[in-house]
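Everything quoted here is computed from the prediction, not taken from an experiment.
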Amino acid sequence: MKVTIIGAGAVGSTTAYSLLACEAATEVVLIDINTTKALGEALDIKQATPFLGNCDIYAGDYRDAVGSQVVIITSGMGRKPGQTRLELVQNNVGIIKSISSEIVKYAPDATYILVANPVDILTYAFLKYTGLPKNKVFGTGTVLDTIRLRTRLAEIYNVNKKQVHANVLGEHGDSSFVAWSTATIAGVPLTEFPESIANAYTLPTEYKREDVENYVRKSGGKIISRKGCTVYGIATSSMQIVKTISGNTESLMTVSSLHEGEYGLNDVCLSSLTLVGSDGVRSIVTQKLSDEEMEKLYKSAEALKSVIKNVNF
């Protein structure tokens, strides 16, 4: 698995390290407009490989992306404290435009994963600029939001995080929402779980759903205000997507992809439960949602469309 990462900043370099640490790639190319930074990051990570996986990592340019199965795009202006993801849109759309005109020439058959924010808008822009098949281009979407949700619910219910199955859908941003109606712990609906373990030694902590949703939505801003950027969660999310693409088994993930009729939504990229495989997006899974959740999904789509209307593509 050859992976090219465009952007050698905190997210790009940490993603590269994650790919090596989890042996998700055999070759990683780091590309950045700051070539010195890319060279330094690649050398630093390369010197850790004796204790990691058998992976070759180096800095390069677009020509070095030839033969890449996956291209991860992290380039973009970072979100500043107090700034929303959507406020970044016009500058980062311009960056995506300049990248798309170059990278596809050298890696036309790759699967493209957009990471930079606002990820839903940039995924839409990259599809628009490149004309690539919609299954080959998607964003990390609410994968990060979803693992934040599962982390919090695991703390509340005192269970293994891997046994919490709950998803955040919609925009990767303020209009995202938790699909509470589909949430389970090891197959047991969340609403039934407390009484199912009434005799357990440790009972779940009482909580309000809105507090959990605020935790999910506000975590990124809190991290940015304290350390300047979010890194580990999004890098690990990207790594997990690459592992899914390189494996032989499809996985369900809340990536951001182009909707063309699913849930009645059209011409917008946002996160639904999605089947991802070796050739990218296999299918958007139109799971049954509650009426309230459907309303929130439509509102999220409209929020993104209102931004798209004001973007100069």
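The number of heavy atoms from other shown groups lying within 6.0 Å of CD (Glu206) does not exceed 12. Annotation: Asp291, atom CG; neighbour count of heavy atoms from other residues, nucleotides and ligands within 6.0 Å does not exceed 12. In this structure, Asn54 places its CG atom where only 12 or fewer heavy-atom neighbours from other residues, nucleotides or ligands lie under 6.0 Å away. Around the NZ atom of Lys309, the shell of radius 6.0 Å holds no more than 12 heavy atoms that belong to other residues, nucleotides or ligands. Around the OH atom of Tyr298, the shell of radius 6.0 Å holds more than 12 heavy atoms that belong to other residues, nucleotides or ligands. Within 6.0 Å of atom NZ in Lys134, more than 12 heavy atoms from other residues, nucleotides or ligands are found, so the atom counts as buried in its surroundings.
Between Tyr106 and Asp64, the side chains place no donor N or O within less than 3.5 Å of an acceptor N or O (distance only, hydrogens not considered). At a cut-off of 3.5 Å, with distance as the only test, a side-chain donor of Thr254 or Thr142 sits close to an acceptor on the other residue. Between the side chains of Glu293 and Ser181, at least one donor-acceptor pair of N or O atoms lies under 3.5 Å.
Here OH of Tyr112 is found 4.5 Å from CD1 of Ile103. Values are rounded to the nearest 0.5 Å.
Taking 4.5 Å as the limit, some side-chain heavy atom of His259 sits within range of a side-chain heavy atom of Leu270. Proximity of Val3 to Val71: side-chain heavy atoms (C-beta onward) are nowhere separated by under 4.5 Å.
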>> Between Glu302 and Lys299, does the salt bridge (charged side-chain N to carboxylate O under 4.0 Å, His left out) criterion hold? Intermediate values first, please.
In response: CA-CA 5 Å; Glu302 286 304 313; Lys299 285 184 177 179; over 6 Å; no

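Closest approach of Ser13 and Ile45 over heavy atoms only: O-CD1, 3.5 Å. The minimum heavy-atom distance between Val119 and Thr140, with the atom names listed, is CG2-N, 3.8 Å.
With sequence neighbours left out, the side chain to side chain contact (heavy atoms under 4.5 Å, CB included) criterion links Ser251 to Thr244, Met253.
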